[in-house]
Amino acid sequence: MSPSNDRSGGQRQQRVTIHDVAREAGVSTTTVSHALNNKGTLASSTRERVTEVARRMRYNAHPAAAGLRRGRTGVLGLDIRPLDSLGGRSPDGVDHFVRLAGAAAVTAVQHDFGLMLVPDLARSTVPATRAAVDGFIICDPIESDPVLTTLISEGRDVVTVGRDSAKLELSHWIDTDDAGTARRVLDLLWDGGARHISVVTGTDANSWNADVGAAYDAWCTERKMPPDLHRVPESEGLAGGERALHDLLSSSPDCDAVFCQTGRHATGVYTAASALGRTIPADLQIVAGSDSEHTRGNPVPITSVDLRPEELGRMAVERLVALLSDEPFTGPVTLEPWLIERATTVRSL
């Protein structure tokens, strides 16, 4: 093939096409396609000759064209819904989604797929993105999620990490036992001597926030104590946690423990408590519902819930691949998170 100039002024080889291989082998392009894709009833000598010519010419079928012939693109889409409300795709200190996406990407490659991180599919500006992937993983859908509604109406294959509580008929989801884990956290604080436990959740209308709020209400009812639940936007980060502590101390001055859903809120609570002269954990115990860089790197490491994002990402891809292959879907699946006790709770001392 003749060289052509690239943009840097150097030389690059033109891509070898199926027409080039056909011309060199003295056959039609259909024969080349059948030989390389093991189709048709070609003589073995013809198939071998075409294969050898393609190898010698370093021919590779265009991936998009090959995908269209198979009816597949070989790409899976990942839409992480909480990132649409956090005010940035890489929120400071939040590594949960990076860990999930990384594990999902590796698992996709192991199944001969690529993984594309896609923007908010509810926006009207990204219809082409939906056409570019074979199926979708939707992370933490909100209630009556418009993304799920659209994809389902289009007949697309979808697996969710977390549930859309308004679409109970869907079973293609993987979730963590957030209600059970909330009870474990509350019991840990209670066993550590806390009697005025406040809970801080986010404001996203997803199952993670809803399940923890409901579990807290039920737990308080069983102990005949009033709940003290505060909702703070996830996007407020550390500043939201600092504000939450001042708010909850105003409503519950005897507060001796705080369970925050996000690591950033929990770290903000710690910062505000320290500024007020509170001793951690003697005066105030703190737990985060999602382990993060902030909770691990805090001056006093914060007891946290590891939601096992790598496992969630791996399982989501495996189940989507099974769905695309018309294999039985073993779901829904509920994963048990890990409670990591650190220095901000009494029992860990």
Side-chain angles (χ1 to χ4, degrees), residues 67 71-89 91 96-97 100-101 104-105 108 113-179 201-214 231 233-235 261-262 307 309 312-313 315-335:
R72 299 286 191 195
T73 65
V75 178
L76 309 178
L78 174 62
D79 184 357
I80 302 178
R81 301 292 279 135
L83 295 184
D84 299 329
S85 62
L86 278 176
R89 311 311 289 183
H96 172 87
F97 301 117
L100 186 151
F113 282 89
L115 184 75
M116 177 191 298
L117 184 61
V118 297
D120 183 0
L121 292 172
R123 299 186 325 205
S124 60
T125 57
V126 290
T129 304
R130 295 205 296 274
V133 303
D134 297 329
F136 290 88
I137 297 169
I138 308 300
C139 186
D140 291 311
I142 60 176
E143 185 176 2
S144 299
D145 199 302
V147 167
L148 275 181
T149 299
T150 298
L151 293 177
I152 292 170
S153 69
E154 294 176 354
R156 305 304 298 271
D157 290 311
V158 185
V159 171
T160 68
V161 177
R163 312 179 316 282
D164 182 340
S165 57
K167 294 181 172 62
L168 299 179
E169 72 281 4
L170 299 181
S171 61
H172 297 163
W173 53 260
I174 299 160
D175 205 357
T176 46
D177 181 14
D178 301 318
T201 70
T203 56
D204 287 352
N206 53 40
S207 60
W208 187 48
N209 286 323
D211 288 354
V212 169
R231 302 185 188 278
E234 288 84 349
S235 60
Q261 274 290 80
T262 77
L307 296 169
L312 291 172
M315 294 172 69
V317 169
E318 289 178 345
R319 277 148 182 80
L320 180 55
V321 170
L323 196 59
L324 290 167
S325 304
D326 295 323
E327 297 176 7
F329 184 91
T330 55
V333 179
T334 302
L335 191 66

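We number each residue from 1, following the sequence as shown.
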Problem set entry | With R156, the side chain to side chain contact (heavy atoms under 4.5 Å, CB included) member among L148, T150, L151 | L151
Seminar exercise, completed: Across all chains, not counting sequence neighbours, the side-chain hydrogen bond (donor to acceptor under 3.5 Å, both in side chains) partners of D164 are K167
Exercise. With a 4.5 Å limit on heavy-atom distance, are the side chains of F97 and L78 in contact?
Worked result: no
For this session: Starting from the C-alpha separation in whole Å, work towards a yes-or-no answer on side-chain contact (heavy atoms from CB on, under 4.5 Å) for W173 and V158.
Result: CA-CA 9 Å; W173 53 260; V158 185; over 6 Å; no
Problem set entry | Under the side-chain hydrogen bond (donor to acceptor under 3.5 Å, both in side chains) test, residues paired with T160 that sit two or more places apart | none
Exercise. Got a sec, which residues hit salt bridge (charged side-chain N to carboxylate O under 4.0 Å, His left out) with D145, two or more places apart in sequence or on another chain?
Worked result: R81
Exercise. Which distance, rounded to the nearest 0.5 Å, do you find between the CG of D140 and the CD1 of I142?
Worked result: 11.0 Å
For this session: Would you give the length of the straight line joining atom NE2 of H172 to atom CZ of R163, rounded to the nearest 0.5 angstrom?
Result: 16.0 Å
Exercise. Would you say the side-chain atoms of T73 and D134 include a donor-acceptor pair closer than 3.5 Å?
Worked result: yes
Exercise. Roughly how far, to the nearest 0.5 Å, is CG of L115 from CG of L320?
Worked result: 9.5 Å
Exercise. Mind checking what makes side-chain contact (heavy atoms from CB on, under 4.5 Å) contact with S153, not counting sequence neighbours?
Worked result: none
Exercise. Taking only residues two or more places apart in sequence or in another chain, which ones pass side-chain contact (heavy atoms from CB on, under 4.5 Å) with V321?
Worked result: L76, H111, F113, V317, S325
Exercise. Will you find, in the side chains of D204 and Q261, an N or O donor that is under 3.5 Å from an N or O acceptor?
Worked result: no
Problem set entry | Under the side-chain contact (heavy atoms from CB on, under 4.5 Å) test, residues paired with S144 that sit two or more places apart | A166
For this session: With sequence neighbours excluded, tell me which residues meet salt bridge (charged side-chain N to carboxylate O under 4.0 Å, His left out) with D157.
Result: none
Problem set entry | Residue pair R231 / G202: nearest heavy atoms and the distance that separates them | CB-O, 4.1 Å
